[in-house]
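Atoms within a ligand are numbered from 1 in the order they appear, just like the ligands themselves.
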Amino acid sequence: MIDYAYLYAQAKLARSFSYCPYSHFAVGAALLCADGSVYLGCNVENASFGAGNCAERVAISKAVSDGKRDYLAIAILGGKEGQAPQFCPPCGICRQFMTEFCDPNAFEVVLYHEDGAPEVRHLSDLLPLQFTSTDLE
Ligand SMILES: [Zn+2]
């Protein structure tokens, strides 16, 4: 049983670290690994806009670089800097990035409504007809 309130709190903490001087749109993500560990990520922008990175990919990259590739869920919170988070689905690049490591029908993408209520989606909903390693064979 995934504790969505706990993941919300972790994503909120991650969001507080957001570096978003250009968009002023702060995002935090909390990635829950199968071993129970949680990796935080925030968006990290850059003066060369394309060099920036999203919170979701930061969190997953941190886990991968620690040798962890088995994930249960990712919680995402985003919204204008200094304001309460709004419903914030992941961008297309992040959906593709998650596809590399996550079971499309089991991995949970947890989005939160403005009242804090979680909405759980699977990658198969968010990114149908995924391009995966099998497409390269
Ligand atoms: Zn993204």
Side-chain angles (χ1 to χ4, degrees):
M1 184 74 183
I2 293 174
D3 186 342
Y4 299 117
Y6 174 73
L7 287 183
Y8 181 99
Q10 292 295 297
K12 185 177 179 183
L13 175 64
R15 185 173 178 240
S16 74
F17 303 135
S18 169
Y19 179 73
C20 57
Y22 306 105
S23 73
H24 301 286
F25 193 87
V27 183
L31 178 71
L32 175 63
C33 299
D35 67 0
S37 60
V38 174
Y39 282 82
L40 305 184
C42 65
N43 55 329
V44 182
E45 295 182 349
N46 191 281
S48 174
F49 291 178
N53 207 350
C54 294
E56 301 92 318
R57 283 180 283 144
V58 169
I60 293 169
S61 294
K62 286 169 68 178
V64 170
S65 65
D66 268 356
K68 297 184 182 181
R69 295 183 189 168
D70 194 4
Y71 315 128
L72 300 178
I74 190 166
I76 304 165
L77 284 182
K80 295 219 182 294
E81 192 175 28
Q83 296 182 17
Q86 62 197 56
F87 190 76
C88 183
C91 79
I93 296 172
C94 286
R95 294 176 197 208
Q96 178 63 37
F97 200 82
M98 292 174 198
T99 296
E100 186 72 18
F101 302 102
C102 306
D103 182 331
N105 296 307
F107 179 71
E108 296 187 359
V109 178
V110 187
L111 310 172
Y112 294 88
H113 293 277
E114 291 181 23
D115 64 359
E119 178 172 326
V120 177
R121 295 296 189 103
H122 290 122
L123 273 177
S124 55
D125 298 327
L126 297 175
L127 188 65
L129 294 174
Q130 299 169 336
F131 184 85
T132 68
S133 59
T134 60
D135 294 305
L136 297 174
E137 293 170 358

Peer 1: Suppose the criterion is side chain to side chain donor-acceptor pair (under 3.5 Å): which pairs have a residue in residues 116-126, not counting sequence neighbours?
Peer 2: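 For residues 116-126: Asn105-Ser124, His113-Glu119, Glu119-Arg121.
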Peer 1: Are the side chains of Phe131 and Leu136 in contact, using a 4.5 Å heavy-atom criterion?
Peer 2: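 Touching, per the 4.5 Å side-chain cut-off.
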Peer 1: Distances under 2.8 Å only: what protein N/O/S atoms are near the Zn ion (ligand 1), ordered by chain and residue?
Peer 2: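 Within the sphere that stays under 2.8 Å of the Zn ion (ligand 1), the protein atoms of type N, O or S are Cys54 SG, Cys91 SG, Cys94 SG.
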Peer 1: Just wondering, do Ile76 and Val27 contact through their side chains at under 4.5 Å, heavy atoms?
Peer 2: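 Val27 vs Ile76: side chains touch.
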Peer 1: Do Ser23 and Phe49 come close enough that some side-chain heavy atom pair is under 4.5 Å?
Peer 2: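 They are not in contact (no side-chain heavy atoms under 4.5 Å apart), so the answer is no.
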Peer 1: Decide whether Leu123 and Phe101 are clustered together by the hydrophobic rule: side chain heavy atoms of Ile, Leu, Val, Met, Phe, Trp, Tyr closer than 4.5 Å, transitively.
Peer 2: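 Leu123 and Phe101: one cluster.
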Peer 1: Please check if atom NZ in Lys68 has more than 12 non-hydrogen atoms from other residues, nucleotides or ligands closer than 6.0 Å.
Peer 2: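 Count over threshold, so yes.
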